[in-house]
There are 2 protein chains.
Amino acid sequence: MNIKKLAEKLQLSITTVSRGLGGYSDVSEATRKKIIKFAKKYNYSPNPNASNLASRKTNTLGFVIPLYGLNSNTLNQASFFEFISGMSNKINSENIQFIMKFANTIDEEKKAYDNLIKVEKVNKVILHNLKKNDPRIKFLQKNKINFVGWGRTQGRINYPWVDLDNETSTNLIMQYLYDRNHRNIAFINVDDKYNFAYQRKQGYLKFLKKNKIKFKKENYISVSYEDPDQVALVIEKKILNNSKITAIICSTEYSAAGAIKACNKANKKIGIDISLITFDGNIVNFITSPSLTAITHDRKILGSKAIEILTSETKIKNNSHYLAKPEIIERGSVLTLKK
Amino acid sequence: MNIKKLAEKLQLSITTVSRGLGGYSDVSEATRKKIIKFAKKYNYSPNPNASNLASRKTNTLGFVIPLYGLNSNTLNQASFFEFISGMSNKINSENIQFIMKFANTIDEEKKAYDNLIKVEKVNKVILHNLKKNDPRIKFLQKNKINFVGWGRTQGRINYPWVDLDNETSTNLIMQYLYDRNHRNIAFINVDDKYNFAYQRKQGYLKFLKKNKIKFKKENYISVSYEDPDQVALVIEKKILNNSKITAIICSTEYSAAGAIKACNKANKKIGIDISLITFDGNIVNFITSPSLTAITHDRKILGSKAIEILTSETKIKNNSHYLAKPEIIERGSVLTLKK
DNA sequence: ATTGTTTTCCAAAACGTTTTGGAAATTAAA
DNA sequence: TTTAATTTCCAAAACGTTTTGGAAAACAAT
């Protein structure tokens, strides 16, 4: 079924059918309804190729996933799926076309963006893993393509974005531990060149400051993703050997795994001898007994908000943004200390 | 840049440029080279919308990801990314367009396939999580759309597929354990309605038979994905309480996590008091000390083979297939018993 | 030199839409 | 009732390709 046949069935011109479906005001409500009815009946939907071609524009969302950075920066697998899941509802209901590309290298990533803009002519983009002064931003702004950042950079931001509220997260955790009388809290983070790690560090530091707790260098460590065993070793040496530390915050599931290993090795029972709280941790959170208390964010909403911003009727404001609120899931790995 | 302008630059007709780029034999080698040179120079690539429209066909691969089944059937997140990663090289080099859809429900999944075929007019599909007598197969065969299964069903198969060699995997593991003098080996599987689980069970059973070891009902348990804590409990009760069992095979990362928890609770040291070997387990494999010995498959190749089958010049044979070979990564959670 | 083949090229039609610029029909205003 | 304004519709052009059905040019055979 194509528009021509549908127009014949309806005894209307092709133009009217097209405009009716497009919701233009120059077709009466009555005929519009009839057109929609027939379109449904004959299961018609416009050929996107013809449509894009004729209108000289697309309604396509482009999205490049940097495979090379998976699990070694802001993108982890679980968060990807949640984000996508949140997006997909909106995408389906808004009838947006959706092109996703996967890049195994930085070079491929560059090519992928080029292709999206120049060949596929997408009009919306989700930008992941933004860097400071990211060239993609200028590129997109120059080409007047709507985009929203998944994650954001530091400092002044002149583009719309969605992100986890990382600073609040660590603040929340610190408060949670503080309320349970922990005063020497170790924070195992990753390199703060990653924004999420930087933000989490800020939350940690600000809480200390607010409560007039001195920052102890030895309580904060930054580990790499690369060698998990190394992580366990570092934790064992620097954290577990420090008898003052009563609680550990892990910034990633990997470091939580490392912490668990270190604790096992040092024969410290999590939730009894030492408290542990981790970000996310879908898999590791139930290995300990009692299971790990964790902090999570609703990343589904992040995905749907991103689409919302991109499709908002009004011209996208450069300060639209959304912060996913954190939530602590209590499971029992945090001990309440005596005063 | 479009084909018309490029033709002007080349002082050739649009037809010749199009056919030259398409590699047709009715344009001389000399002009073809010149065309390609100019196309590169002016950074021209055909508008896919116009191209699809004019040729009445596409070169598009469709792929529906069932989000609802994530981590609760054959699809887990890590395998998805590996598969995709393997695909993407081929996709880029073969200049295939690629549409991926995500379905949160079975209903959405159905709609997604419909959309791919009828609206997007894809000519290639990757089918995931195949069921016996899967209606999608008939649907695609009827519409003469090339497809390849990621995973396969049991029994006679009349379509091309790629899959893990699950039967060999368990066979390999069993041999590995047997060589180290384990005779009472527990296998923690998931419901064998999932084909991969069924195949793994077959490998386990066949090994027993071949080596004339009696199958002991109490050594085989099937656990669900839903409640990880429950898994740990079952393992503790049924496996760890059975003093004859010297080694455990875990079919999924989740059950390995459950096993670790159970061992911790029962105070059994993995790699010392009991041996453990798991499928995959990117995250859990380094929690224990020594780290978990695991069996993995190269899922990247699975992805690239899938594309290879779909793009093979010759008409796709219904018996093309590829089995990813397993490999044991020794880490130290398996003990060699004394004879 | 003529004819037949093969190679190399091209004009025009087609793909299925959207958009433009107006025409016809209806309603409102005078 | 006539004119003006508004509403509702439509024919034709355009989008950037591919494909069809030859035509022209080059080469080969006689």
Side-chain angles (χ1 to χ4, degrees), chain A residues 1-39 42-60 95-97 115-123, chain B residues 1-39 42-60 95-97 115-123:
Chain A
M1 176 58 64
N2 60 20
I3 202 173
K4 197 176 165 193
K5 284 183 197 161
L6 190 66
E8 276 165 16
K9 300 266 185 204
L10 278 156
Q11 307 253 58
L12 285 169
S13 75
I14 290 176
T15 308
T16 304
V17 175
S18 173
R19 309 216 102 213
L21 257 17
Y24 285 79
S25 64
D26 64 354
V27 23
S28 74
E29 195 52 27
T31 48
R32 206 178 64 94
K33 275 198 178 139
K34 200 175 162 195
I35 290 171
I36 288 171
K37 198 179 114 196
F38 272 60
Y42 293 102
N43 200 15
Y44 167 80
S45 64
N47 179 318
N49 289 314
S51 164
N52 290 340
L53 185 60
S55 66
R56 296 152 194 75
K57 69 183 179 199
T58 65
N59 188 27
T60 313
N95 212 27
I96 298 170
Q97 289 178 73
N115 180 270
L116 283 180
I117 309 303
K118 300 208 179 124
V119 180
E120 303 287 353
K121 302 192 196 315
V122 303
N123 66 336
Chain B
M1 178 55 66
N2 60 21
I3 202 172
K4 196 177 165 191
K5 285 184 196 160
L6 190 66
E8 276 165 16
K9 300 265 185 204
L10 278 157
Q11 308 253 58
L12 284 170
S13 75
I14 290 176
T15 309
T16 304
V17 176
S18 172
R19 310 217 101 213
L21 257 15
Y24 285 81
S25 64
D26 63 355
V27 23
S28 74
E29 195 52 28
T31 48
R32 205 177 65 94
K33 275 199 177 138
K34 201 175 163 196
I35 290 170
I36 288 171
K37 199 179 114 195
F38 271 60
Y42 292 102
N43 201 16
Y44 168 79
S45 63
N47 179 319
N49 289 314
S51 163
N52 290 341
L53 186 59
S55 65
R56 296 152 193 75
K57 68 184 180 198
T58 65
N59 189 27
T60 313
N95 211 27
I96 298 170
Q97 290 179 72
N115 181 270
L116 284 180
I117 309 302
K118 298 204 181 129
V119 180
E120 303 287 353
K121 302 191 198 312
V122 304
N123 66 335

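Below, read A as the first sequence line, B as the second, and so on, with proteins coming before strands; counting in each chain starts at 1. Below, all heavy atoms of this structure are taken into account, side chains as well, without hydrogens, waters or symmetry copies.
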Practice task
Under the side chain to side chain contact (heavy atoms under 4.5 Å, CB included) rule, collect the residues that match up with B/K4, sequence neighbours excluded.
Solution key: B/N2, B/E8, B/I14

Exercise for the section: Say whether, by atom type as modelled, one donor and one acceptor occur between the side chain of A/T60 and the main chain of A/Q97 under 3.5 angstrom. Expected result: no

Handout entry: Any donor-acceptor N/O pair, A/N52 side chain to B/N49 backbone, under 3.5 Å
Key = no

Practice task
Look only at the side chain of B/K121 and the backbone of B/K118, and say whether a donor-acceptor pair between them is shorter than 3.5 Å.
Solution key: yes

Exercise for the section: Please determine if a side-chain N or O atom of B/T31 lies less than 4.0 Å away from the OP1 or OP2 oxygen of C/dC9. Expected result: yes

Problem - Distance test, side-chain N/O of A/T16 to OP1/OP2 of D/dC10, below 4.0 Å - result: yes

Exercise for the section: Step by step, work out the side chain to side chain contact (heavy atoms under 4.5 Å, CB included) result for B/L6 and B/M1. Expected result: CA-CA 7 Å; B/L6 190 66; B/M1 178 55 66; 4.1 Å; yes

Exercise for the section: Would you check if B/Y44 and B/L21 make a side-chain contact, meaning some heavy-atom pair closer than 4.5 Å? Expected result: yes

Exercise for the section: Without swapping roles, check the side chain of A/T31 against the backbone of A/V27 for a donor-acceptor pair under 3.5 Å. Expected result: no

Exercise for the section: Compute the bend angle of the helix from C/dA1-D/dT30 to C/dA30-D/dT1 from the end axes (five pairs per end), rounded to 10°. Expected result: 40°

Exercise for the section: Return no unless some side-chain N or O of B/S28 is found under 4.0 Å from OP1 or OP2 of C/dT7. Expected result: no

Handout entry: Annotated protein contacts, base or backbone, on nucleotides 15-27 of chain D with a non-hydrogen cut-off under 4.0 Å, one of B, S, - each
Key = BBBBBB-------

Practice task
Check whether any side-chain heavy atom of A/I3 lies under 4.5 Å from a side-chain heavy atom of A/P46, and answer yes or no.
Solution key: no

